[in-house]
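Take a look at the structure set out below.
No hydrogens, no waters, no symmetry mates; every other heavy atom, side chains included, goes into these values. Since the model is a prediction, treat every value here as computed from it, not as a measurement.
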Amino acid sequence: MLDKFELEPNTIDFIGHAVALYTNEAFLGMPAVHLIDKIKLYMDSMGRYGDSPFIYPIYGLGGIPEGFSRASAVNGGTFMLNTDINEFVFEGGKIAGVKSGGEVAKCKMVICDPTYAINAGLKDRVKLTERVLRCICILDHPIPNTDDKPSVQIIIPQRQLGRKSDIYIMMVSEVHKVCQKANYVAIISTTVETNNPEAEIEVAFDMLGTVKEKFLKVSYL
């Protein structure tokens, strides 16, 4: 489809990464309908809540589990915060639930951070597929050259950086009730590709300008 319309590389980057939100070039080998569906979702989201296709919960990402807990309660689910998993329960070789203390929550599937499985003695069931880098940066100014917008989503396509995956920069501010006035929080994230993760996002630091403080963490998937 892209060849048929003779789109130039920069246009393909914009459509595939900034609109369809693919994190790498894998979409170029997929049926075109998948790309079209993602473009449609983006367009349908425009103007739904303001002039952006993206939404961010007021008071931070804690609003997501809060909303999930309400939906869980309405549908008869169990929701526990700040709870460690002591054991994964198996029946007939298949997962049947998780145990915390003396309580067991029954289930047919477990989706969790790998550390839960490792801490419960299932290190042999964990396989490293990739590492994700997240860097939280505290700023005293909006990101330069963004019209002083209080919230910004910047996607740097991997092709333009000679990488295998994109670099994301997301900035929020006091309008989202996540920081004090005159402060801004920028979060840089990408898939780790080298042994020097921080150097991989140097281009993002350059875009942010002066950073008051930063917190960097690499997570395993």
Side-chain angles (χ1 to χ4, degrees), residues 13-24 38-72 79 81-82 111-113 115 130-158 160-161 163 165-193 197-221:
D13 277 348
F14 177 76
I15 293 173
H17 297 265
V19 177
L21 299 181
Y22 284 105
T23 59
N24 52 45
K38 285 182 172 288
I39 294 173
K40 185 176 183 300
L41 175 61
Y42 186 98
M43 298 306 297
D44 288 345
S45 301
M46 288 291 293
R48 187 70 63 89
Y49 297 102
D51 57 358
S52 169
F54 305 108
I55 58 175
Y56 189 87
I58 299 297
Y59 301 108
L61 296 178
I64 294 178
E66 182 181 333
F68 183 81
S69 66
R70 291 172 180 166
S72 177
F79 199 92
L81 291 173
N82 196 27
I111 301 172
C112 68
D113 185 283
T115 54
E130 59 186 21
R131 296 182 296 159
V132 174
L133 169 67
R134 293 183 180 88
C135 185
I136 300 175
C137 301
I138 309 299
L139 313 175
D140 59 4
H141 57 83
I143 297 177
N145 305 311
T146 59
D147 241 358
D148 292 339
K149 297 293 185 183
S151 63
V152 175
Q153 170 84 325
I154 299 173
I155 300 172
I156 311 175
Q158 47 92 15
Q160 300 184 18
L161 300 173
R163 291 172 49 80
S165 54
D166 297 350
I167 292 178
Y168 289 83
I169 304 173
M170 189 270 292
M171 188 197 76
V172 289
S173 62
E174 60 96 15
V175 300
H176 304 93
K177 312 300 182 187
V178 295
C179 60
Q180 294 181 334
K181 193 172 183 179
N183 283 284
Y184 301 81
V185 179
I187 302 175
I188 307 168
S189 60
T190 190
T191 301
V192 177
E193 299 180 3
E198 188 168 357
E200 295 184 41
I201 56 174
E202 197 62 44
V203 62
F205 289 135
D206 293 341
M207 298 181 71
L208 296 184
T210 304
V211 176
K212 292 176 62 178
E213 195 163 355
K214 61 185 177 184
F215 308 88
L216 190 146
K217 180 180 180 181
V218 175
S219 301
Y220 298 86
L221 298 179

For this session: Could you walk me through whether Val172 and Met170 pass side-chain contact (heavy atoms from CB on, under 4.5 Å), step by step?
Result: CA-CA 7 Å; Val172 289; Met170 189 270 292; 3.5 Å; yes

Exercise. About how many Å separate CD1 of Ile201 and CZ of Phe205, when rounded to the nearest 0.5 Å?
Worked result: 3.5 Å

Problem set entry | Spacing of Ser219 atom OG and Glu130 atom CD [to the nearest 0.5 Å] | 11.0 Å

Exercise. Do His17 side-chain atoms and Tyr22 backbone N/O form a donor-acceptor pair below 3.5 Å?
Worked result: yes

Problem set entry | Flag, side chain of Thr190 to backbone of Asp166, donor-acceptor distance under 3.5 Å | yes

Exercise. Is it true that Arg48 and Asp44 make a salt bridge, defined as a side-chain N closer than 4.0 Å to a carboxylate O?
Worked result: no

Exercise. If you take all heavy atoms of Pro53 and Met46, which pair is closest and at what distance?
Worked result: CD-SD, 3.2 Å

Problem set entry | From OG (Ser173) to CG (Asp148), nearest 0.5 Å | 11.0 Å

For this session: Mind listing the closest non-hydrogen atom pair of Pro57 and Ile64 along with its distance?
Result: CG-CG1, 4.3 Å

Exercise. Given His176 and Val185, is the side-chain contact (heavy atoms from CB on, under 4.5 Å) satisfied, shown in steps?
Worked result: CA-CA 10 Å; His176 304 93; Val185 179; over 6 Å; no

Problem set entry | Results of salt bridge (Lys or Arg N to Asp or Glu O under 4.0 Å) for Asp147 - residues two or more places apart only | none

For this session: Taking all non-hydrogen atoms of both residues into account, name the closest pair between Met171 and Pro142 and its distance.
Result: SD-CA, 4.1 Å

Exercise. Measuring from Thr23:OG1 to Arg163:CZ, what's the distance to the nearest 0.5 Å?
Worked result: 10.5 Å

Problem set entry | Glu202, CD: over 12 other non-hydrogen atoms inside 6.0 angstrom | yes

Problem set entry | Audit row: Ile169, Val152, side-chain contact (heavy atoms from CB on, under 4.5 Å) steps and yes/no | CA-CA 8 Å; Ile169 304 173; Val152 175; over 6 Å; no

For this session: Would you check if Asn183 and Lys212 make a side-chain contact, meaning some heavy-atom pair closer than 4.5 Å?
Result: yes

For this session: Determine the minimum heavy-atom distance between Leu41 and Ser45, stating which atoms define it.
Result: O-OG, 2.7 Å

Exercise. Within a radius of less than 6.0 Å around CG of Asn145, do more than 12 heavy atoms belonging to other residues, nucleotides or ligands occur?
Worked result: no

Exercise. What's the verdict on side-chain contact (heavy atoms from CB on, under 4.5 Å) for Ile188 and Leu208, showing C-alpha distance, side-chain angles and the deciding distance?
Worked result: CA-CA 10 Å; Ile188 307 168; Leu208 296 184; 3.8 Å; yes

Exercise. So, for Thr191 and Ser165, which heavy atoms are closest and what is the spacing to 0.1 Å?
Worked result: CB-OG, 3.4 Å

For this session: Look at atom CZ of Phe54 and say whether more than 12 heavy atoms of other residues, nucleotides or ligands are closer to it than 6.0 Å.
Result: yes

Problem set entry | Value rounded to 0.5 Å, distance of NZ in Lys38 from CD1 in Ile15 | 14.5 Å

For this session: Return yes when atom CD1 of Ile55 has more than 12 non-hydrogen atoms of other residues, nucleotides or ligands closer than 6.0 Å, and no otherwise.
Result: no

Exercise. If you look at every heavy atom in Val19 and Tyr42, which pair is closest and at what distance?
Worked result: O-CD1, 3.3 Å

Exercise. What is the distance from atom OH of Tyr168 to atom CD1 of Ile156, rounded to the nearest 0.5 Å?
Worked result: 11.0 Å

